[in-house]
Colleague: 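Can you keep this structure in mind? I'll have questions shortly.
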There are 4 protein chains.
Amino acid sequence: MISPAARIALDLTADLPVPDLEDFYRDLHRHPELSMREHRTAAALADRLRTSGFDTVTGVGGTGVVGVLRNGPGPTVLLRADMDALPVQEETGLPYASRAPGVMHACGHDLHVTWLAGAARALAAGRDTWSGTLLVLGQPAEETGEGASGMVADGLYERFPRPDVLLAQHAAPGPAGLYAHSPGLIMSASTDVDIVVHGRGGHGSRPESTVDPVVTAAYLVTRLQTVVSREIAARESAVLSVGRIEAGTRHNIIPAEARIALNIRTQSDEVRERMIAAIRRIAAGECLAAGCPREPDVVVGNSFPVTVNDPETDRRVAAVHGEVFGAGTILDPGPAMASEDFPRLAEGKIPYSYWFVTSTPAEVWDAAPGDDLMEKFAAVPSNHSPQFAPDLATLAPGVRTLVSGALAYLVTPEEPS
Amino acid sequence: MISPAARIALDLTADLPVPDLEDFYRDLHRHPELSMREHRTAAALADRLRTSGFDTVTGVGGTGVVGVLRNGPGPTVLLRADMDALPVQEETGLPYASRAPGVMHACGHDLHVTWLAGAARALAAGRDTWSGTLLVLGQPAEETGEGASGMVADGLYERFPRPDVLLAQHAAPGPAGLYAHSPGLIMSASTDVDIVVHGRGGHGSRPESTVDPVVTAAYLVTRLQTVVSREIAARESAVLSVGRIEAGTRHNIIPAEARIALNIRTQSDEVRERMIAAIRRIAAGECLAAGCPREPDVVVGNSFPVTVNDPETDRRVAAVHGEVFGAGTILDPGPAMASEDFPRLAEGKIPYSYWFVTSTPAEVWDAAPGDDLMEKFAAVPSNHSPQFAPDLATLAPGVRTLVSGALAYLVTPEEPS
Amino acid sequence: MISPAARIALDLTADLPVPDLEDFYRDLHRHPELSMREHRTAAALADRLRTSGFDTVTGVGGTGVVGVLRNGPGPTVLLRADMDALPVQEETGLPYASRAPGVMHACGHDLHVTWLAGAARALAAGRDTWSGTLLVLGQPAEETGEGASGMVADGLYERFPRPDVLLAQHAAPGPAGLYAHSPGLIMSASTDVDIVVHGRGGHGSRPESTVDPVVTAAYLVTRLQTVVSREIAARESAVLSVGRIEAGTRHNIIPAEARIALNIRTQSDEVRERMIAAIRRIAAGECLAAGCPREPDVVVGNSFPVTVNDPETDRRVAAVHGEVFGAGTILDPGPAMASEDFPRLAEGKIPYSYWFVTSTPAEVWDAAPGDDLMEKFAAVPSNHSPQFAPDLATLAPGVRTLVSGALAYLVTPEEPS
Amino acid sequence: MISPAARIALDLTADLPVPDLEDFYRDLHRHPELSMREHRTAAALADRLRTSGFDTVTGVGGTGVVGVLRNGPGPTVLLRADMDALPVQEETGLPYASRAPGVMHACGHDLHVTWLAGAARALAAGRDTWSGTLLVLGQPAEETGEGASGMVADGLYERFPRPDVLLAQHAAPGPAGLYAHSPGLIMSASTDVDIVVHGRGGHGSRPESTVDPVVTAAYLVTRLQTVVSREIAARESAVLSVGRIEAGTRHNIIPAEARIALNIRTQSDEVRERMIAAIRRIAAGECLAAGCPREPDVVVGNSFPVTVNDPETDRRVAAVHGEVFGAGTILDPGPAMASEDFPRLAEGKIPYSYWFVTSTPAEVWDAAPGDDLMEKFAAVPSNHSPQFAPDLATLAPGVRTLVSGALAYLVTPEEPS
């Protein structure tokens with residue numbers, strides 16, 4: 001006995017224009033744009049929304065796109081896709097690989113935009129089957145954490161209808177065909193930290209006249225490994241990754257400073273505070289050991305909040321996904337270490353559901369029964385990898401997840417007869 | 001009883017146009033040019049040589065300048081100054097600080113050019129006091145090691161007279177007023193090595209799916225400290241400095257590779273070979289420990305030979321310097337760890353003398369009797385430091401060293417009566 | 001409405017001889033004995049069991065003690081306490097501190113033995129209130145992992161009645177008065193690994209003629225931090241601790257080898273295998289980097305299994321504890337990283353419940369509302385610390401937990417009337 | 001034209017009882033004794049001295065032996081051998097390997113004692129060829145630096161004739177048959193430093209509740225590599241070796257502290273002070289980084305002075321050695337990093353000569369022309385190595401060096417005719 005929302009979702013997405021979606025996706029993938037520079041992407045999405053019948057506004061919160069479809073009384077549902085790419089040099093060798101040197105859709109946001117465009121069109125085409133208001137967002141700058149708050153600050157909820165529920169989804173490693181829901185904490189908080197080590201530069205042949213910041217930064221990075229390995233209880237989930245280290249210009253010049261950019265992932269404020277304190281203490285200790293002329297700069301930068309699904313909302317969306325794809329396709333893998341700025345669209349008040357769509361091609365995944373799945377996850381190219389290449393077979397399913405999720409709110413449940 | 005060469009040198013340099021030399025120096029300092037781009041510097045030097053009466057050719061071996069003054073029978077003496085600046089952001093705060101962002105005369109080559117121009121003018125003006133041929137070189141690209149070999153390859157000794165002796169000098173830390181000669185090894189060999197660590201990139205929140213090249217490079221840099229501390233006998237003089245480390249672009253992306261650029265200084269081929277072998281072994285071991293998908297690239301790059309003064313030549317030049325400046329100003333500090341491409345002008349055959357002119361301003365040096373001089377040397381801004389600022393009071397003395405050194409060959413010793 | 005088991009447990013433990021239990025505890029604490037040498041402890045426990053009316057056998061599986069009380073038809077319940085102390089030098093300053101140099105009851109097994117003796121006496125004294133068989137174990141050598149398997153191998157279940165359920169408890173940090181139950185995984189697996197680094201010894205003044213195993217071992221320990229920080233997903237709970245490092249005899253002799261003893265904690269076989277493989281790889285890489293004359297020895301030693309409570313059994317015991325102490329005293333903190341050999345008594349078949357009794361004195365704990373409890377846990381002396389000093393106020397409660405847990409099986413539930 | 005001293009020395013040592021010396025040596029080698037416990041060795045030496053005709057006293061400065069032979073007017077010459085062995089487990093596999101577990105003559109002091117006994121006998125037997133006083137010393141505890149000062153403090157120069165010159169020699173790696181003299185600095189100063197890292201102990205499964213001193217000590221040892229690699233100019237000769245690291249007892253207990261014992265070698269007070277300051281600073285920094293509950297203890301312990309030969313004395317001894325063995329056998333390798341307490345016998349006043357006798361067996365050395373001699377030195381077993389095994393063919397030559405060195409002072413030079 002299938003719910004009306006699921007039944008209608010299957011109807012509306014029965015004949016998706018997959019070749020067209022593939023073309024759209026490949027075009028986006030070829031032309032990745034960095035955060036807050038998503039001009040071409042935004043224009044392409046806005047064009048499709050307008051064509052589908054949405055009132056569409058661009059330039060919201062920078063390069064953000066908002067489409068509105070008012071379709072009678074009922075709740076307002078927001079569907080959101082992030083649009084920005086990453087400063088990664090693509091190494092997939094795909095025929096539709098990035099043409100922008102050093103920039104790549106390595107996180108699947110091109111897939112998100114394609115899914116959103118497909119869902120918007122399907123829902124608009126089938127507007128006689130549901131009632132309410134659709135708010136569709138092409139959000140800029142998720143990677144830098146500026147996008148969601150930028151759109152809110154630009155009057156998103158004053159200029160457009162305030163939603164009753166927010167829905168969003170993300171491509172994830174795993175064999176294509178699964179939908180991961182967690183009715184609570186699903187993603188971690190993220191905090192960037194920048195460290196500058198101040199040494200004293202000089203000639204490479206006379207290190208005794210310098211305080212070497214390269215060597216100091218190297219010891220510091222090795223020492224930072226102990227934050228997770230020694231200072232956080234094993235039962236806590238925490239990560240510290242140094243994403244960038246940079247010092248010096250020439251083989252034989254000892255530079256005056258070194259720069260380290262790191263990111264931590266946490267699931268509680270207590271752990272976050274302990275880690276930041278440990279980073280400060282270790283940086284101070286290493287610079288003391290080195291004899292640095294002054295203390296290091298340790299600056300806490302961008303941060304993302306935890307993503308905590310509203311349990312009732314997430315269970316309602318997971319339920320319709322189970323109807324559409326089969327109960328065996330829904331899993332709860334528990335909280336991930338990834339982070340999102342999506343929760344900032346909720347302003348701490350609007351309930352939301354955020355889920356993952358696995359998208360590793362079957363031939364890449366290629367697990368036999370009994371294989372160590374953890375090793376599989378570690379071995380396939382993950383988000384942010386230069387080899388990240390999601391399966392195009394997930395194009396239609398990713399449209400269906402959005403359509404059915406929206407309809408779970410926009411279709412009136414049938415009365416039990 | 002002073003020698004004729006010394007006496008004439010004192011005469012010819014009694015009335016040096018110091019304000020004009022200062023202006024020339026300050027202008028060069030304001031306009032530093034990187035290796036092989038010394039166009040403005042070369043033109044300024046060539047202009048002065050021509051005005052002084054030299055046959056002057058530019059563009060030898062790239063941006064090199066050669067001036068020739070044929071003045072009767074006798075030996076041919078080559079005087080050489082290097083002209084290039086460094087990719088260092090000046091921090092001296094001097095009124096004549098570099099106007100080129102990120103480029104600075106941090107090694108004193110501007111002083112070398114000024115000294116050479118002053119000496120060329122003084123020797124030309126006093127040409128009736130000596131006999132022979134003067135060959136004056138403005139050499140490009142000493143810092144990158146390309147300049148001397150480039151001028152030789154461009155036919156230096158076919159197109160111009162072949163010298164009987166080569167003379168060159170370098171500004172050095174130490175209280176202005178000393179002249180350091182070593183009748184043998186005076187500078188070390190230098191070898192650049194580049195290492196690329198190949199990891200596997202991915203999202204910063206999922207290090208388990210990556211092989212982190214940032215962390216691997218950091219451990220590698222700490223491990224490289226043992227090359228000097230454990231593998232080279234204390235009696236050998238050897239240095240290994242990592243001048244540059246570079247990996248990643250963003251806080252939360254683990255990159256796919258890391259790059260390390262290092263330089264070693266040695267005084268024998270055996271030590272050099274042992275150090276290179278140790279670097280290769282350590283890089284391989286650290287990448288094995290990390291589980292890197294492939295072996296690191298370890299590439300031996302630019303190298304400079306040892307600088308070994310011809311003992312007889314150096315003692316002859318040191319002797320005339322002692323006469324000109326006083327015996328107490330000449331010292332033999334033994335071999336330095338610095339390196340030069342100057343020996344390549346000798347082609348393994350022409351005898352040469354290379355010496356240092358100390359140039360730290362007295363008020364910066366400021367040592368009291370009993371002070372630890374080694375600490376002094378370590379504390380004052382050395383060559384390649386963003387604070388390097390030689391004393392302008394060394395302008396005239398640095399002209400006198402070249403003039404008297406040249407005259408030690410160009411003036412006939414008086415017959416004992 | 002309290003259950004009969006809880007009501008009888010409260011009756012039987014209403015007048016516990018607390019001063020006598022304190023004397024017994026203090027005597028055990030003063031005389032700690034290392035694993036498999038628990039002769040005095042075993043004799044003291046056996047004496048108390050006999051006096052209480054148990055058929056008592058000593059020397060089971062080495063120094064193990066077994067007491068049996070057959071009391072009519074009904075299930076057989078096993079209560080177990082471990083008896084061994086640790087090679088730790090006590091630093092508590094307590095009046096009853098250890099008199100054995102370098103040996104200490106730093107893990108609370110003296111408390112476990114006292115609780116067991118108290119419970120055995122109370123249950124024996126009240127034998128008219130219950131029916132069934134009590135099997136009471138003083139187990140040796142829990143710390144070395146030999147004790148449980150040794151007793152089973154010595155015919156525990158052939159020589160004595162086979163139990164239907166196993167019960168055991170452990171002192172834990174936390175404010176005295178809480179009882180931690182987990183209906184499933186409650187403790188982690190533990191695996192010891194020994195590493196020997198083979199260098200080449202020599203005189204400390206000539207490191208270049210050696211391969212320094214001290215330095216190699218040090219880099220290896222720092223590198224091992226990355227096993228947890230980089231190679232295990234944050235959602236997995238895993239620990240790697242190096243408990244011992246040892247190399248050399250004299251300041252100026254570089255020894256020929258270094259020894260590292262480490263322990264890992266894991267909650268799945270996959271993670272365990274990944275960690276052991278990483279340890280092997282890192283040891284090999286570091287020894288390659290050092291140029292060791294041969295590969296390091298990496299030997300996997302003692303291991304403990306995971307402790308997984310039978311859910312039904314644990315919920316039943318937790319329920320009666322909630323009745324005895326109040327529902328608010330029962331908490332489920334999830335799996336701990338500690339390990340036990342207790343599960344080996346189950347032979348993979350007998351259901352068991354294992355729980356923690358918090359025992360930090362209130363004045364040591366001293367948390368105000370709003371305090372970071374995690375920091376509290378980190379700050380108070382934990383098991384294995386030289387300052388570990390459990391609260392004697394937990395003596396009576398720890399007897400009640402055992403008595404009520406046993407009675408949950410030995411007392412017939414009242415028929416609902 | 002050979003000198004009388006050389007001629008007489010060759011005469012007196014023409015028929016050395018080599019098999020007897022070999023037996024004596026092998027017996028000493030089999031029975032090594034640690035510092036200040038050289039009872040058997042001292043008795044054996046004293047016995048031989050007495051038999052040779054020396055007035056012999058034992059127990060000077062602990063286990064020291066003094067033999068005096070007054071032989072008419074003339075200077076007093078002191079010949080010294082050190083007697084103690086090392087806490088090293090022998091691995092030579094020699095038939096006469098050490099029978100004392102963990103103790104070995106790994107530094108050749110057994111050879112020194114044999115040489116001294118042979119020279120004393122030869123000089124006593126030929127006493128009609130020379131005139132003056134011989135003072136022969138078997139010194140204890142050179143390795144711990146207590147022996148020489150202990151003998152002086154025990155009234156050596158009050159109870160026995162005060163010498164005019166001191167002579168001593170040491171076995172060294174290198175092809176047997178060379179005699180290394182330096183007329184000035186020949187050996188370095190040595191300073192022991194002990195560091196205790198104070199952490200906070202706890203259970204290995206809960207590192208977050210500890211401050212791990214094992215990990216802290218490991219990072220500290222890696223950081224100490226930078227003292228030599230970054231802080232001391234390459235032209236200075238300096239060594240820092242950690243000879244011992246020790247922490248913890250069990251795999252799964254994080255201990256409360258870690259101990260590091262290191263030794264530095266220097267050739268100037270300035271470098272020594274800089275290194276000690278750097279060690280203190282680095283230890284403080286690493287313990288700050290770790291969050292240690294208190295600062296580390298850094299204690300400067302035993303030290304040895306530099307060994308500086310009196311130039312005139314050393315040249316005189318080297319000259320007679322050249323006559324005895326051939327000029328080509330004398331070399332000046334410059335200062336070694338090894339250290340001695342022998343200079344303390346000079347009390348800063350008595351001139352002395354100290355030289356090395358190479359003693360690597362030819363078949364072990366086995367260098368072909370063109371081989372890298374530095375690698376050879378690094379490859380053969382050096383002093384303090386468990387494989388150290390000097391060539392017995394050096395027994396007679398080492399007697400001749402002492403005899404001829406003494407006769408250089410005790411034989412009147414022939415008048416030039």
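Hydrogens, waters and symmetry mates play no part in the numbers below; they use all other heavy atoms, side chains included. A, B, ... follow the sequence lines: proteins, then strands. Residue 1 opens every chain.
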Colleague: Among the options B:Ala238, B:Ser190, B:Gly248, B:Cys107, pick out the one with the most heavy-atom pairs lying under 4.5 Å from chain A.
Modeller: B:Gly248
Colleague: Which distance, rounded to the nearest 0.5 Å, do you find between the CG of B:Asn252 and the CG of A:Leu86?
Modeller: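 Answer rounded to 0.5 Å: 7.5 Å.
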Colleague: Enter the distance from A:Ile253:CD1 to B:Ser385:OG here, rounded to the nearest 0.5 Å.
Modeller: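 So the CD1 of A:Ile253 and the OG of B:Ser385 are separated by 10.5 Å.
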Colleague: Any idea which heavy atoms bring B:Gly243 and A:Val214 closest together, and the distance?
Modeller: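 Nearest pair, atom of B:Gly243 first, then A:Val214: O-CG2, 4.3 Å.
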Colleague: Most heavy-atom pairs under 4.5 angstrom with chain B, which of A:Val239, A:Val221, A:Asn263, A:Thr222?
Modeller: A:Thr222
Colleague: Which one, B:Glu246, B:Arg250, B:Arg265, leads in non-hydrogen pairs under 4.5 Å with chain A?
Modeller: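 Greatest number of close heavy-atom pairs with chain A: B:Arg250.
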Colleague: Working to the nearest 0.5 Å, report the span between OG1 of A:Thr249 and CD of B:Gln89.
Modeller: 11.0 Å
Colleague: Taking every heavy-atom pair that is under 4.5 Å apart, which of B:Asp212, B:Val215, B:Ile264 has the most such pairs with chain A?
Modeller: B:Val215
Colleague: Find the one option among A:Ile260, A:Asn302, A:Leu262, A:Val193 whose heavy-atom pairs under 4.5 Å with chain B are most numerous.
Modeller: A:Leu262
Colleague: Among residues at least two apart in sequence or on other chains, which ones pass ring pair (Phe, Tyr, Trp, His ring centres under 6.0 Å) with A:His109?
Modeller: A:His112, A:His170
Colleague: Do A:Pro173 and B:Arg206 make a side-chain contact, defined as non-hydrogen atoms from C-beta onward lying under 4.5 Å apart?
Modeller: yes
Colleague: Out of B:Ala258, B:Gly202, B:Gly301, which one racks up the most heavy-atom pairs below 4.5 Å with chain A?
Modeller: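 Between B:Ala258, B:Gly202, B:Gly301, the count favours B:Gly202.
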Colleague: Can you check whether anything in residues 335-343 of chain A gets within less than 4.5 Å of chain B, heavy-atom wise, and list it by number?
Modeller: A:Met337, A:Ala338
Colleague: Only one of A:Val242, A:Asp194, A:Thr191 forms a side chain to side chain contact (heavy atoms under 4.5 Å, CB included) with B:His251, so which one is it?
Modeller: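 That would be A:Asp194; it is the only one of A:Val242, A:Asp194, A:Thr191 passing the side chain to side chain contact (heavy atoms under 4.5 Å, CB included) with B:His251.
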